[in-house]
Amino acid sequence: MLNDLSAILADAEDQERGAWCDLLDPVTGRATGIRFRVAGPDSRTQAKARLALSDELAEAADADGRVSAEAREKARLNSLARCVLAWEIEEDGKPVPFSHANVVRVLRAATWVQAQVDAFAADRRTHRRTR
């Protein structure tokens, strides 16, 4: 229960450590074996990702302040990728090195992957530790 400041601060610190998101097959609902460790919505990591998103959108704006749909989508995926802290994923039987570029590549692979990671990143319940 978040009944005082120390509990709120502890909850935010838990969210900074992240929680594991097990990707599920979008048709069968079975675990794929791919896991992302994702920072929670109240974490410093997500706060920094939101600021970077704003900066990226500002840089992409034209003279009239418009940002193309392509630039917005690129910024959105970059922001989501910044929320991923670690992963367990293989390609051709070998672990894929963890990097921002590789996370973006996996997120771009399928919208269902993006949807699951995005929903998990936004869900405070998945990041709450029982006290």
Side-chain angles (χ1 to χ4, degrees):
M1 192 161 130
L2 301 178
N3 57 358
D4 68 25
L5 180 58
S6 62
I8 293 169
L9 294 172
D11 184 59
E13 191 57 39
D14 283 346
Q15 290 189 37
E16 183 61 31
R17 284 188 282 278
W20 284 103
C21 170
D22 294 301
L23 282 188
L24 304 177
D25 181 288
V27 175
T28 66
R30 292 189 191 112
T32 63
I34 297 171
R35 303 175 80 204
F36 292 85
R37 189 163 187 86
V38 182
D42 300 314
S43 66
R44 290 182 309 277
T45 296
Q46 280 213 34
K48 289 178 186 177
R50 286 188 295 274
L51 291 173
L53 171 65
S54 294
D55 288 344
E56 198 170 335
L57 290 172
E59 289 174 17
D62 65 16
D64 295 324
R66 292 183 301 241
V67 179
S68 72
E70 183 178 341
R72 282 193 309 271
E73 179 64 3
K74 180 180 176 187
R76 183 187 72 80
L77 285 177
N78 276 329
S79 181
L80 182 56
R82 287 182 186 102
C83 299
V84 177
L85 305 171
W87 66 4
E88 294 174 2
I89 184 171
E90 293 182 355
E91 185 174 25
D92 298 325
K94 297 177 184 172
V96 178
F98 180 77
S99 70
H100 179 80
N102 279 340
V103 174
V104 170
R105 182 172 72 104
V106 172
L107 292 173
R108 281 192 180 133
T111 55
W112 65 266
V113 174
Q114 295 171 30
Q116 288 184 38
V117 174
D118 195 21
F120 189 89
D123 188 352
R124 285 177 177 84
R125 293 171 299 166
T126 62
H127 293 84
R128 174 69 52 89
R129 308 288 193 270
T130 56
R131 294 191 196 324

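Numbers here are sequence positions counted from 1.
For the pair Pro97/Asn102, a side-chain contact is recorded, criterion being any heavy-atom separation below 4.5 Å from C-beta on. At least one side-chain heavy atom of His100 sits under 4.5 Å from a side-chain heavy atom of Asn78. With a 4.5 Å cut-off on side-chain heavy atoms, His127 and Asp123 do not count as touching. Contact of the Lys74 side chain with the Arg108 side chain is registered, since non-hydrogen atoms from C-beta on lie closer than 4.5 Å.
Enclosure of atom CG in Asp64 by more than 12 non-hydrogen atoms of other residues, nucleotides or ligands within 6.0 angstrom is indicated. For Glu70, the CD atom sits in a loose shell: 12 or fewer heavy atoms of surrounding residues, nucleotides or ligands are nearer than 6.0 Å.
Legend: residues meeting salt bridge (charged side-chain N to carboxylate O under 4.0 Å, His left out) with Asp55, ordered by chain and number and at least two apart, are absent. In this view, Arg124 and Asp42 satisfy the salt bridge (charged side-chain N to carboxylate O under 4.0 Å, His left out) rule, not counting sequence neighbours. Take Gln114 and apply the side-chain hydrogen bond (donor to acceptor under 3.5 Å, both in side chains) test, not counting sequence neighbours, and it matches Arg76. With sequence neighbours excluded, no residue forms a salt bridge (charged side-chain N to carboxylate O under 4.0 Å, His left out) with Glu16.
Between the Arg72 side chain and the Val67 main chain, a donor and an acceptor come within less than 3.5 Å of each other. Judged by distance alone, with hydrogens and angles left aside, the side-chain atoms of Arg35 form no donor-acceptor pair with the main-chain N or O of Glu88 at under 3.5 Å. The main-chain N or O of Ala121 is found under 3.5 Å from a side-chain atom of Gln46 such that the two form a donor-acceptor pair. At distances below 3.5 Å, not a single donor-acceptor pair connects side-chain atoms of Arg82 with backbone N or O atoms of Arg50.
Here the closest heavy-atom approach between residue Leu24 and residue Gly29 is recorded as CD2-O, 3.7 Å. Cys83 and Thr45 get closest at one heavy-atom pair: CA-CG2, 4.1 Å. Minimum interatomic distance between Ala60 and Ala71 (heavy atoms only, all atoms of both residues): CB-CB, 3.8 Å.
In this structure, Val106 shares a hydrophobic cluster with Leu23, Ile34, Phe36, Val38, Leu77, Leu80, Val84, Trp87, Ile89, Val96, Phe98, Val103, Leu107, Trp112, Val113, Val117, Phe120, the cluster being traced through Ile, Leu, Val, Met, Phe, Trp and Tyr side chains under 4.5 angstrom apart. Cluster note: Leu51 groups with no other residue, as no ILVMFWY side-chain heavy atom lies under 4.5 Å from it.
Using a 4.0 Å cut-off between charged side-chain N and carboxylate O, Glu13 and Arg44 make a salt bridge.
Atom CD of Gln15 and atom OG1 of Thr126 lie 8.0 Å apart (nearest 0.5 Å).
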